A.B. asks: 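This is the structure I have questions about; it appears just below.
Just so we're clear, the structure is a prediction, and the values are computed from it rather than from any experiment.
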Amino acid sequence: MCICAKYAVFIFSGGCCGSDEKSYTVGGWAWAWWLITDIQKITLEIMTLQPKCEDVETAEGVAITVTGVAQVKVMTDNELLGYACEQFLGKTVAEIKSVILQTLEGHLRSILGTLTVEQIYQDRDQFAKLVREVAAPDVGRMGIEILSFTIKDVYDKVDYLSSLGKSQTAAVQRDADIGVAEAERDAGIREAECKKEMMDVKFQADTRMADSKRELEMQKAAFNQEVNTKKAEAQLAYELQAAKEQQKIRLEEIEIEVVQRKKQITIEEKEILRTEKELIAIVKRPAEAEAYKMQQLAEAQKIKKVLTAQAEAEKIKRIGEAEAGSIEAVVYLTNTFRHRFICKHLFCTVQT
């Protein structure tokens, strides 16, 4: 068994049947026959290249040097991977980089000969895009994909770019001076307009301020008049209220005197009642008590006599009843004795 790394591809060829067919394994594993199957590897990692073209003449005949940075890698599509295997199988990463680098530098030189220095220097992104578009088909046929290509530096040995920069700087400085002059002119015009607008605004503000001051004075006068009126009304209302309060106080004092007089009368009435009750308790009640006592004694004497008579009558009745009972007992005993005597006499007669 053979295990393939994630950033590499294994190419298997040969076998027990002598087949020349190749198989590819990207980032996985596969079975291989020991000493029979041929196994080779190509890296899939991104390769960084730094193409450099020195003293290449442009369309204007100016020799310049251009350096760039390219990012490339082997494509994993089966057909394109086959192209890469045909071109680079058995080569080291350095050898692969060298082949691709020479291809990119050849295209870079050919494109530099069609452009001016200004086009190359001022629009580097467009120049790099053009290089990618021209070189992509060729490296694609090798199974290589250009991920990115950028221009790193552009310079020359005859100070053409420096002179170009100075001329552009002078032009920029000239345009700047013209712009400053125009700006100062416009600023002066605008300043005069602003001053005029400021004077107009100040006049309007002063007018509005005078109007506001006059309205304020009028409002103050009206306010003072209203305040004085309110003060007079308040004073009059205060005096009226004070009179009403004095009247209420006098009425309350009269009510208090009436209440006090009523209380005095009530106290006198209670004193009269107390005196009457005292006289009744001292004079009338003892006399009534004595009369009641005499009446009760008479009633008691009367009742005593009645009870005595009733007791005597009851005694006589009880004695009569007792005597009648004794007589009845004597008669009963006499009859009983007589009955027994007769019975005994008859019994004796019968026996004889």
Side-chain angles (χ1 to χ4, degrees), residues 6-9 11 24 26 40-172:
K6 182 177 181 182
Y7 297 105
V9 56
I11 300 93
Y24 308 100
V26 179
Q40 293 177 299
K41 182 176 71 172
I42 292 180
T43 182
L44 294 179
E45 292 182 350
I46 296 174
M47 294 174 284
T48 301
L49 307 177
Q50 294 183 349
K52 182 178 181 181
C53 295
E54 294 182 344
D55 299 330
V56 179
E57 291 186 359
T58 62
E60 297 174 342
V62 180
I64 62 173
T65 300
V66 177
T67 60
V69 177
Q71 305 288 342
V72 299
K73 68 180 291 291
V74 176
M75 291 185 282
T76 57
D77 182 76
N78 285 335
E79 182 179 359
L80 299 175
L81 188 57
Y83 295 157
C85 291
E86 292 177 0
Q87 300 293 329
F88 305 115
L89 197 60
K91 295 182 182 295
T92 63
V93 174
E95 292 173 339
I96 296 172
K97 285 184 176 181
S98 177
V99 173
I100 301 171
L101 180 60
Q102 291 177 11
T103 303
L104 289 176
E105 287 179 348
H107 287 290
L108 184 58
R109 284 177 179 275
S110 63
I111 294 172
L112 284 173
T114 62
L115 300 175
T116 64
V117 177
E118 288 80 359
Q119 291 174 333
I120 297 169
Y121 187 78
Q122 294 176 358
D123 198 352
R124 296 188 180 189
D125 293 337
Q126 184 64 29
F127 174 49
K129 181 180 178 183
L130 182 60
V131 174
R132 287 197 303 270
E133 291 176 353
V134 173
D138 286 345
V139 296
R141 283 190 289 269
M142 298 179 188
I144 301 298
E145 178 184 7
I146 300 176
L147 300 177
S148 67
F149 182 86
T150 57
I151 300 301
K152 185 178 180 182
D153 195 9
V154 178
Y155 59 92
D156 67 302
K157 298 179 180 180
V158 294
D159 296 332
Y160 181 86
L161 292 173
S162 176
S163 300
L164 180 63
K166 289 179 180 179
S167 63
Q168 290 180 348
T169 302
V172 170

A.B. asks: With rounding to the nearest 0.5 Å, note down the distance linking CG in L147 to CZ in R132.
C.D. replies: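 Going from CG on L147 over to CZ on R132, the span is 10.5 Å.
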A.B. asks: If you take all heavy atoms of A128 and T150, which pair is closest and at what distance?
C.D. replies: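 Closest approach of A128 to T150: CB-CA, 4.1 Å.
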A.B. asks: Between T103 and M142, is there a side-chain heavy-atom distance shorter than 4.5 Å?
C.D. replies: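 Yes, their side chains come closer than 4.5 Å.
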A.B. asks: Can you name the side-chain hydrogen bond (donor to acceptor under 3.5 Å, both in side chains) partners of E54, sequence neighbours left out?
C.D. replies: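 Partners of E54 by the side-chain hydrogen bond (donor to acceptor under 3.5 Å, both in side chains) criterion, ordered by chain and then number, come out as K52.
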A.B. asks: I need the D138 CG to I100 CD1 distance, nearest 0.5 Å.
C.D. replies: 12.0 Å
A.B. asks: Which pairs of donor and acceptor atoms, one on a side chain in residues 59-74, lie under 3.5 Å apart (sequence neighbours left out)?
C.D. replies:
| from | atom 1 | to | atom 2 | distance (Å) |
| --- | --- | --- | --- | --- |
| E60 | OE1 | Y160 | OH | 3.3 |
| T65 | OG1 | D55 | N | 3.2 |
| T67 | OG1 | D153 | N | 3.2 |
| Q71 | OE1 | T48 | OG1 | 2.9 |
| Q71 | NE2 | T48 | OG1 | 3.4 |

A.B. asks: Taking the side chain as everything from C-beta on, heavy atoms only, tell me whether L104 gets closer than 4.5 Å to I146.
C.D. replies: yes
A.B. asks: What are the two closest non-hydrogen atoms of V134 and P137, and how far apart are they?
C.D. replies: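 Closest pair (atom of V134, atom of P137, distance): O-CD, 3.4 Å.
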A.B. asks: Enter the distance from Q50:CD to K97:NZ here, rounded to the nearest 0.5 Å.
C.D. replies: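 These two atoms lie 9.5 Å from each other.
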A.B. asks: Closest heavy-atom contact between E105 and C53?
C.D. replies: O-SG, 3.5 Å
A.B. asks: If you define the side chain from C-beta out and look only at heavy atoms, does anything of F149 sit under 4.5 Å from L49?
C.D. replies: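 Contact flag for F149/L49 side chains = no.
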A.B. asks: Hey, what do you get for OG (S110) to CG (L108), rounding to the nearest 0.5 Å?
C.D. replies: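 S110 atom OG to L108 atom CG measures 8.0 Å (nearest 0.5 Å).
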A.B. asks: For R109, what residues pass the side-chain hydrogen bond (donor to acceptor under 3.5 Å, both in side chains) criterion, not counting sequence neighbours?
C.D. replies: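 Partners of R109 under the side-chain hydrogen bond (donor to acceptor under 3.5 Å, both in side chains) test: none.
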